[in-house]
Number of protein chains: 2
Amino acid sequence: MKSTIPDTGVPIAPTAANGGDRQEASLHGEILLRLRDYVVEGNIPDGARVPERQLCAMLGISRTPLREALKVLASEGLIELLPNRGARVRQLSQRDLEELFDVMAGLESLAGRLACEAITDEEIAAIEQLHYEMYGHYLHRDMHGYFQTNQRIHESIVAAARNETLKTAYANFAGRIRRVRYSANFARKRQRWAEAMREHEAILDALRRRAGSELSDILFQHLRNKRAAAIEHLTEPHEDAPASP
Amino acid sequence: MKSTIPDTGVPIAPTAANGGDRQEASLHGEILLRLRDYVVEGNIPDGARVPERQLCAMLGISRTPLREALKVLASEGLIELLPNRGARVRQLSQRDLEELFDVMAGLESLAGRLACEAITDEEIAAIEQLHYEMYGHYLHRDMHGYFQTNQRIHESIVAAARNETLKTAYANFAGRIRRVRYSANFARKRQRWAEAMREHEAILDALRRRAGSELSDILFQHLRNKRAAAIEHLTEPHEDAPASP
DNA sequence: ATGACAAAAAATGAATGCAAAATGGTCTCT
DNA sequence: AGAGACCATTTTGCATTCATTTTTTGTCAT
């Protein structure tokens, strides 16, 4: 009598798209990956209560591995665990977002500095390629394409830093602000968009010259500007039509 | 009898001195704090197997909360969990240490930059005070005092950054390399010691002028030098190692 | 009708139980 | 005697169960 749970659909789908390097072959590891994605994707409203039983039914497992995964997600800062009151999706205050953006700025700044020490001409060429691609999206006002290529550029810089620890930390913080970061780029401010393009050109220039310290400054400032745009976008979240003022 | 852990009666004292702000009132939270300290303090040899039941007996709890704490510690990078083979204290390769030092460098570099934006004259005065105190330890060849004051200075800079997220991340990474970081300062190289003092003066100078970008560079380089000293000290580890008293 | 109190229901925290996998030792076969 | 196979013990992973705490609900009094 092991199967007390109705087999509705496929409880555990193999997360083939994941990094897979980690030793997440066990059930709790699988659950962890799926729950993290589930939360990051925004399937649970901010601050909503999430009964364990419900998640168990959804995932087709018992509470033990689920609770283990919840503890890890809490330590990652994605959710918060109130004693005897269950888990809630962590609600980020404006201050939290500012702090997170600043930490991201520090990490990218570091990534740029380290990248200048070891990046190859081929990697720079690849980033240049992405840059031109992004420029195309910019010209075509393709916000979605721009956003994706932009992320790939930043990830390429992090990858070029050749530091797995940094890469992991970066991915962790990026997950926390994913939704906001996305909407930040969606701010209709064309001026900010053009400014970001110029900043990216400066980034590329410093990268070509392997000017680590300089690139560090530029990247920090770039993220600071993105932070400002994100915060501004959050405080006045009405933008369906091009506002007149 | 495969006891890898010294069996004292009540080995782990209650961590009353911990940053009790956290909502770790529950049992698993308490266990987490105690286990983390226990591991960070180096009570378990590198790479040693740690049977769950033994830890349970030691802590006087059942396996469920212990396993939850282990999962969290693994996500923090302190231990690693091999599927069906239990938890091992994570053994840091030289490359791991290099990466960790670089990430620490990035975080301190960020902290310095942010600190310049908001630090008060009083805070700077306090750091100056610590600096002179440290100079005294340096003159008296008091390695232990020097080490402690040095840490307090760096922590003060991080605190001055006014970013709790950064502070938490910094504490996390600091925990991972605590032992090595300590021994790094124990390197008998007097030359490096004098150099570090000069670097600290430059840090203080940039801080007084609120020169964020400059301070960022100096702090990064300072940590880079510390990293070099630590690695060097590890590759030729023949000094009278600080054994347990 | 509203508020307070109390009991029921549900959810969480921790312990125990059970199956699968790994470890260790012994035995057999060459 | 040595290498490999086999079995017993230990250990891990997960499910289930038990005990508290919280939340809801129903009733009563004002």
Side-chain angles (χ1 to χ4, degrees), chain A residues 1-8 10-15 22-35 39 44-45 47-75 78-90, chain B residues 1-5 7 12 14 22-35 39 44-45 47-75 78-90:
Chain A
M1 50 187 70
K2 52 185 85 169
S3 167
T4 58
I5 297 173
D7 196 348
T8 64
V10 183
I12 301 177
T15 59
R22 308 228 162 225
Q23 71 282 17
E24 318 287 13
S26 56
L27 181 50
H28 89 268
E30 192 72 25
I31 292 303
L32 179 60
L33 294 175
R34 291 182 55 186
L35 248 189
V39 172
I44 305 176
R49 255 193 98 165
V50 185
E52 292 179 2
R53 297 267 157 92
Q54 191 175 327
L55 289 175
C56 289
M58 192 178 90
L59 297 164
I61 57 167
S62 87
R63 283 176 54 215
T64 306
L66 176 83
R67 293 180 102 266
E68 291 173 352
L70 286 179
K71 297 288 186 301
V72 173
L73 291 184
S75 91
L78 277 173
I79 64 177
E80 50 188 359
L81 259 40
L82 290 81
N84 292 321
R85 284 195 194 178
R88 286 164 185 260
V89 175
R90 180 160 173 195
Chain B
M1 177 65 83
K2 50 215 75 159
S3 167
T4 55
I5 296 175
D7 187 5
I12 300 180
R22 310 227 165 227
Q23 70 280 19
E24 319 287 12
S26 57
L27 182 48
H28 94 267
E30 189 71 26
I31 292 303
L32 180 59
L33 293 175
R34 291 174 59 183
L35 248 189
V39 171
I44 304 176
R49 265 195 84 171
V50 185
E52 291 178 3
R53 283 190 42 194
Q54 192 174 336
L55 287 175
C56 289
M58 197 174 87
L59 297 164
I61 57 166
S62 86
R63 284 176 52 216
T64 306
L66 176 82
R67 284 171 60 72
E68 292 174 350
L70 286 179
K71 297 288 185 300
V72 173
L73 291 184
S75 91
L78 277 174
I79 65 177
E80 50 188 359
L81 260 38
L82 290 83
N84 294 320
R85 280 206 238 153
R88 297 172 111 94
V89 175
R90 181 159 173 196

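Numbers restart at 1 for each chain; the letters A, B, ... are given by sequence-line order, proteins then strands.
Contact record, A/Ile79 with A/Val89: CG2-CA, 4.2 Å, taken as the closest heavy-atom pair. B/Ser75 and A/Ser75 make their closest contact through OG-OG, 3.1 Å (heavy atoms, listed as atom of the first residue, atom of the second, distance).
By the 4.5 Å heavy-atom criterion applied to side chains, B/Lys71 and A/Lys71 are not counted as neighbours. Counting heavy atoms from C-beta outward, A/Leu66 and A/Leu35 have side chains that approach closer than 4.5 Å.
At whole-Å resolution of the value, CD in B/Gln54 and P in D/dT12 are 10 Å apart. Rounded to whole angstrom, the span from the CG atom of A/Leu59 across to the P atom of D/dC14 amounts to 13 Å. The nearest whole Å value for the distance from the CG atom in A/Leu27 to the P atom in D/dT12 is 17 Å. Between A/Leu55 atom CG and D/dA15 atom C1' there is a gap of 17 Å when expressed in whole angstrom units. In this structure, B/Arg63 places its CZ atom 10 Å from C1' of C/dT16, rounding to the nearest Å. At whole-Å resolution of the value, CD in A/Glu30 and P in D/dG13 are 15 Å apart. If you take CD1 of A/Ile61 and P of D/dT16, they are 12 Å apart, rounded to a whole angstrom. For the pair A/Leu66 CG and C/dA11 C1', the computed distance is 13 Å after rounding to whole Å.
Across all strands shown, A/Arg53 has heavy atoms under 4.0 Å from base atoms, whether or not it also approaches the sugar-phosphate. A/Arg85 comes within 4.0 angstrom of the backbone, heavy atoms only, and of no base.
If you find the closest nucleotide of DNA chain D to A/Asn84 and to B/Gly86, the one lying nearer the 5' end belongs to B/Gly86.
The phosphate of D/dG13 has OP1 or OP2 within less than 4.0 Å of a side-chain N or O from B/Arg67. For D/dC14, the OP1/OP2 oxygens have no side-chain nitrogen or oxygen of A/Thr64 closer than 4.0 Å.
The nucleotide whose nearest atom lies closest to any side-chain atom of A/His28 is, among D/dG13, D/dC14, D/dT22, D/dC14. Minimum atom distance to the side chain of A/Arg49 is reached by D/dT23, of the listed C/dA15, D/dT23, D/dA15.
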Determine, stepwise, if the pair A/Val72 / A/His28 fulfils side chain to side chain contact (heavy atoms under 4.5 Å, CB included). CA-CA 10 Å; A/Val72 173; A/His28 89 268; over 6 Å; no
